[in-house]
Amino acid sequence: MRLTRKVMALAMASTMAVSLTACGGGKAAETTAAPAAAETTAAATEAAKEAETTAAAAEESVAAGGNIGVCIYKFDDAFMTTYRNALQEILEGKGYTVTFMDGKNDQAEQNNQINNFIAQGVDALIINPVMTSAADQIIATVKDADIPTVLINREPTAEQMSAYEKLVYVGCDARQSGTMQGELILETETKGDINGDGKISYIMIQGDPENVDAQYRTEFSVKALTDAGMEVEQLDLQRGDWDRNKGQEIAQNDLAKFGDEIEVVFCNNDDMAIGALQAIQAAGRTVNKDIYLVGVDALDAALNEVAAGNMTGTVLNDANGQAEGAVEAMEALLGGKTYASGEQSIYVDYVKVTPENVADFQ
Ligand code: BGC
C-alpha cells in the first residue's frame, strides 16, 4: 500500500493538476493527461502512457486510502478550528483516513498523541506544535520513526528543521501580517494620529509570545509605522494568548487606565480583536472615529465587523491555502521527496482586508 501511494505521489509531484484533482479519482487524472496525449511526438505518447499509469495508481491509492494523524495544539482556538475543518475536508475528499487529536495546549499530552500515532503506524503526520520550543524533540521523534511530517502554524527555525529531510513547514511569514497591520493604520484618514499630537499612541494585545507569529506581528506592525516616519508611543503591551476573553479584559483595563490617549488597538489576531471591540463599545468609543482597531486572520466574525465599520481592518491568514499546501507537501513527502536544509518552509501569502475589499472574503 505504501508503495502504491508513493507511485501516486511521485506522479502527482510531476503533474500538479493531478494533485489538485485527485479527489475526483482517476477520471480527473485522465482529463489532465488529455492535452499531452493530443500531441503527436513520441515524447508526448510516452507522457500519455505515464499519465494513464498515474491515473490507475491514483484510483487504486485513493480507494485504498492512507492513515494520516493530525495533531492540533488545541481545538478551542478560533483560527485553528477553521484550519482543522479545511484539512479534514481536503484529506477526506482525497480518500485518506484522518484522525485529529486535541493537544489541549499541553505539550506533554501532544507528545503522547504523536507517540500513539507512530505506534499505530500512520503513513504521515501533520503537526501544529503546542510549544515552538518543543520542535527539536518533535522532530527527533518523527525522524526516529521515519514518518513523513508536515509542521503547520508554529514555525521552528530552519536549523531545527534541517535535522530531518522528510519534514516540511507550511505556514505564513508572520512579518508580512504585522507590516500589513501597520499599513492599515497608515491608510486611515489621520494615519493613526487621531488627536494630532504628532505620535501614534497604541496598545498591543499580543498572542502567546512563545509563538513567532505573536513576536513578529508585534514587532512589524509598529515597524511599519516608524518606517513611514511616524512617531509612536506604546501605552501597554499585554499577552492575550490568542484568546477572545483575554482580549476583552486587557482592552477594558487599558481603556479605563489610558482613556482617550489610546488611538490604536493592535491585536495579534481577530479573536482578541473581537474581545477588544466589546470593551471599546462598552467604553463608549467608536472605531474609525475616535479609535482604530486591527486584527489578523479574517475570521467570519471579524469580516462582519470590518464590513460594519467596527474594525479598521484585518489580514487574511489563509487557512484554506495553508491546508491545501500542507496536504500537497505531505503527498510530496509520501512520494519520496526530501527537502534540503533551508528549503523546508513553504509560505502562503497574507492579504490585507479593508472595508473596500471585505466583500471578496465574505
Ligand atoms: C493565528 C491565531 C492562532 C494562532 C495559533 C495564528 O497564526 O493568527 O489566531 O490563535 O495562530 O497558533
Side-chain angles (χ1 to χ4, degrees), residues 70-87 100-107 109-110 126-135 138 150-156 169-181 184 204-221 238-248 250 265-277 293-303 305-306 311 313-323 325-326 345-353 361:
V70 183
C71 294
I72 300 294
Y73 95 96
K74 67 168 181 171
F75 280 4
D76 184 19
D77 174 292
F79 173 72
M80 287 314 303
T81 300
T82 311
Y83 199 144
R84 176 159 49 96
N85 292 338
L87 271 177
F100 287 87
M101 295 306 292
D102 181 359
K104 299 185 183 135
N105 210 17
D106 178 344
Q107 189 59 58
E109 170 115 18
Q110 186 175 70
I126 297 179
I127 303 174
N128 163 211
V130 174
M131 311 275 293
T132 315
S133 56
I138 293 172
V150 182
L151 298 179
I152 57 168
N153 180 255
R154 295 183 167 189
E155 186 176 9
Y169 172 77
V170 176
C172 301
D173 180 351
R175 284 170 282 212
Q176 191 187 33
S177 53
T179 303
M180 287 180 176
Q181 284 192 300
L184 286 167
M204 180 69 67
I205 306 184
Q206 207 181 21
D208 177 352
E210 205 258 357
N211 183 328
V212 76
D213 284 7
Q215 295 161 18
Y216 278 150
R217 288 176 194 164
T218 298
E219 180 186 347
F220 281 78
S221 52
Q238 299 260 352
R239 61 184 284 178
D241 293 326
W242 308 116
D243 181 81
R244 182 178 300 201
N245 292 334
K246 290 188 186 169
Q248 190 274 337
I250 294 166
V265 179
F266 281 115
C267 296
N268 282 175
N269 77 346
D270 279 347
D271 217 23
M272 297 189 295
I274 298 289
L277 176 61
L293 171 66
V294 288
V296 175
D297 283 341
L299 295 181
D300 286 345
L303 293 175
E305 299 299 358
V306 172
M311 272 178 70
T314 184
V315 177
L316 171 72
N317 190 2
D318 188 356
N320 290 319
Q322 289 172 75
S345 280
I346 299 171
Y347 292 128
V348 173
D349 272 333
Y350 285 105
V351 185
K352 234 187 292 181
V353 184
F361 301 88

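Source: prediction; values computed, not measured. For the numbers below, each heavy atom of this structure counts, side chains included, while hydrogens, waters and symmetry mates do not. Whatever order the structure lists them in is the order used to number ligands and atoms, beginning at 1.
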K.L.:
So with a 6.0 Å cut-off around CZ of Phe220, is the heavy-atom count from everything else above 12?
P.N.:
yes
K.L.:
So if I count the atoms of ligand 1 from 1 in the order they appear, which ones are less than 4.0 Å from some heavy atom of Arg154?
P.N.:
5 (C), 12 (O)
K.L.:
Cation-pi check for Phe75 against Arg84: NZ or CZ below 6.0 Å from the six-membered ring centre and within 45 degrees of the axis, yes or no?
P.N.:
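Output yes; distance and angle both within limits.
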K.L.:
Could you tell me whether some N/O pair between Asn128 and ligand 1 is separated by less than 3.5 angstrom?
P.N.:
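Among all N and O atoms of Asn128, none is under 3.5 Å from an N or O of ligand 1.
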K.L.:
Is it true that, when you exclude Asn85 itself, more than 12 heavy atoms of the residues, nucleotides or ligands shown sit nearer than 6.0 Å to its CG?
P.N.:
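It does: Asn85 CG has more than 12 such atoms within range.
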K.L.:
Below 3.5 Å, N or O to N or O, backbone or side chain included: is there any such pair between Asn153 and ligand 1?
P.N.:
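Yes.
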K.L.:
Does a side-chain N-to-carboxylate-O contact under 4.0 Å join Asp106 and Lys104?
P.N.:
no
K.L.:
Do Gln322 and Asn153 meet the criterion of a side-chain donor-acceptor pair at a distance under 3.5 Å?
P.N.:
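Judged by distance alone, the side chains do not pair up.
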K.L.:
Which protein non-hydrogen atom lies closest to atom 10 (O) of ligand 1, naming both residue and atom, and how far is it?
P.N.:
Asp77 OD2, 2.6 Å
K.L.:
Determine, using heavy atoms of Asp271 and all atoms of ligand 1, whether some pair is separated by less than 4.0 Å.
P.N.:
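No, Asp271 has no heavy atom closer than 4.0 Å to ligand 1.
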K.L.:
Please work out whether any backbone atom (N, CA, C, O) or any side-chain heavy atom from C-beta onward of Lys74 is under 4.0 Å from ligand 1, and answer side chain, backbone, both or neither.
P.N.:
neither
K.L.:
Looking at atom 8 (O) of ligand 1, what's its closest protein heavy atom, distance included?
P.N.:
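Checking every protein heavy atom, the shortest distance to atom 8 (O) of ligand 1 gives Asp297 OD1, 2.6 Å.
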K.L.:
Apply side chain to side chain donor-acceptor pair (under 3.5 Å) to Tyr350 and Gln181, showing your working.
P.N.:
CA-CA 11 Å; Tyr350 285 105; Gln181 284 192 300; over 6 Å; no
K.L.:
Would Thr218 and Asn268 satisfy side chain to side chain donor-acceptor pair (under 3.5 Å), going step by step from the backbone distance to the final call?
P.N.:
CA-CA 7 Å; Thr218 298; Asn268 282 175; 3.3 Å; yes
K.L.:
Return the residue, atom name and 0.1 Å-rounded distance of the protein heavy atom closest to atom 6 (C) of ligand 1.
P.N.:
Asp213 OD2, 3.5 Å
K.L.:
At a 4.0 Å threshold, what atoms of ligand 1 neighbour a non-hydrogen atom of Asn317?
P.N.:
1 (C), 7 (O), 8 (O)
